[in-house]
Amino acid sequence: MRARRSPGHLPSRPTWRCQACGIAWPCSAAKLRLLAEYRRDRVALLVYLATLQAEAGEQLTRTDPARLAERFLSWARARG
């Protein structure tokens with residue numbers, strides 16, 4: 001018998017909460033995973049996150065778009 005795996009730190013649509021920990025996605029674990037996965041291509045990470053932000057904006061219509069930009073993109077920008 002196989003043990004059930006817990007869901008990964010992925011977004012649950014249309015609420016955009018983490019499937020694993022229930023907080024607003026991207027959670028800290030998702031951010032760390034994404035930074036590792038895209039460590040050699042920060043631009044691709046930002047394009048991916050902007051695409052998800054646009055999708056979330058269509059579903060989270062009561063959320064200020066500026067807050068979504070902060071939530072989805074600000075943490076992933078390269079530090080100067």
Side-chain angles (χ1 to χ4, degrees):
M1 179 180 208
R2 282 187 174 191
R4 280 198 129 162
R5 294 182 76 194
S6 62
H9 292 272
L10 302 171
S12 179
R13 292 158 174 95
T15 63
W16 290 89
R17 295 211 162 272
C18 177
Q19 291 178 12
C21 61
I23 65 171
W25 193 91
C27 62
S28 294
K31 291 174 184 177
L32 289 173
R33 181 185 58 79
L34 288 164
L35 286 171
E37 185 176 335
Y38 287 91
R39 70 183 163 271
R40 291 191 172 96
D41 196 349
R42 186 65 60 103
V43 172
L45 173 59
L46 290 168
V47 169
Y48 174 66
L49 290 170
T51 301
L52 293 178
Q53 177 196 344
E55 183 183 343
E58 292 173 0
Q59 296 171 349
L60 301 174
T61 57
R62 294 182 179 202
T63 303
D64 179 10
R67 293 196 72 200
L68 285 178
E70 179 73 22
R71 175 175 160 183
F72 279 82
L73 299 173
S74 68
W75 64 271
R77 291 191 181 105
R79 308 255 186 237

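All values reported here derive from a predicted model rather than from experimental measurement.
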Notebook entry, point to check: Taking only residues two or more places apart in sequence, or in another chain, which ones meet Arg77 in a side-chain contact (heavy atoms from CB on, under 4.5 Å)?
Noted result: Leu46, Leu73, Ser74

Checklist line | Transitive ILVMFWY side-chain link Leu10 to Phe72, under 4.5 Å | finding: no

Ignoring hydrogens, what is the shortest heavy-atom contact between [X] and [Y]? Give both atom names and the distance.
X     : Y     : value
Gln19 : Ser12 : CG-CB, 3.9 Å
Leu49 : Ala76 : CD1-CB, 3.5 Å
Leu60 : Pro14 : CD2-O, 3.5 Å
Trp25 : Arg71 : O-NE, 2.7 Å
His9  : Cys21 : ND1-SG, 3.9 Å

Note to self: By the definition side-chain hydrogen bond (donor to acceptor under 3.5 Å, both in side chains), identify the one residue from Glu55, Gln59, Gln53 that meets it with Trp16.
What the structure shows: Gln59

Check: residues 26-35 side-chain donor-acceptor pairs under 3.5 Å, at least two apart:
residue : atom : partner : partner atom : Å
Arg33   : NH1  : Glu37   : OE1          : 3.0

Check: Hey, is CZ on Arg67 packed in by over 12 heavy atoms from elsewhere, all under 6.0 Å?
Finding: no

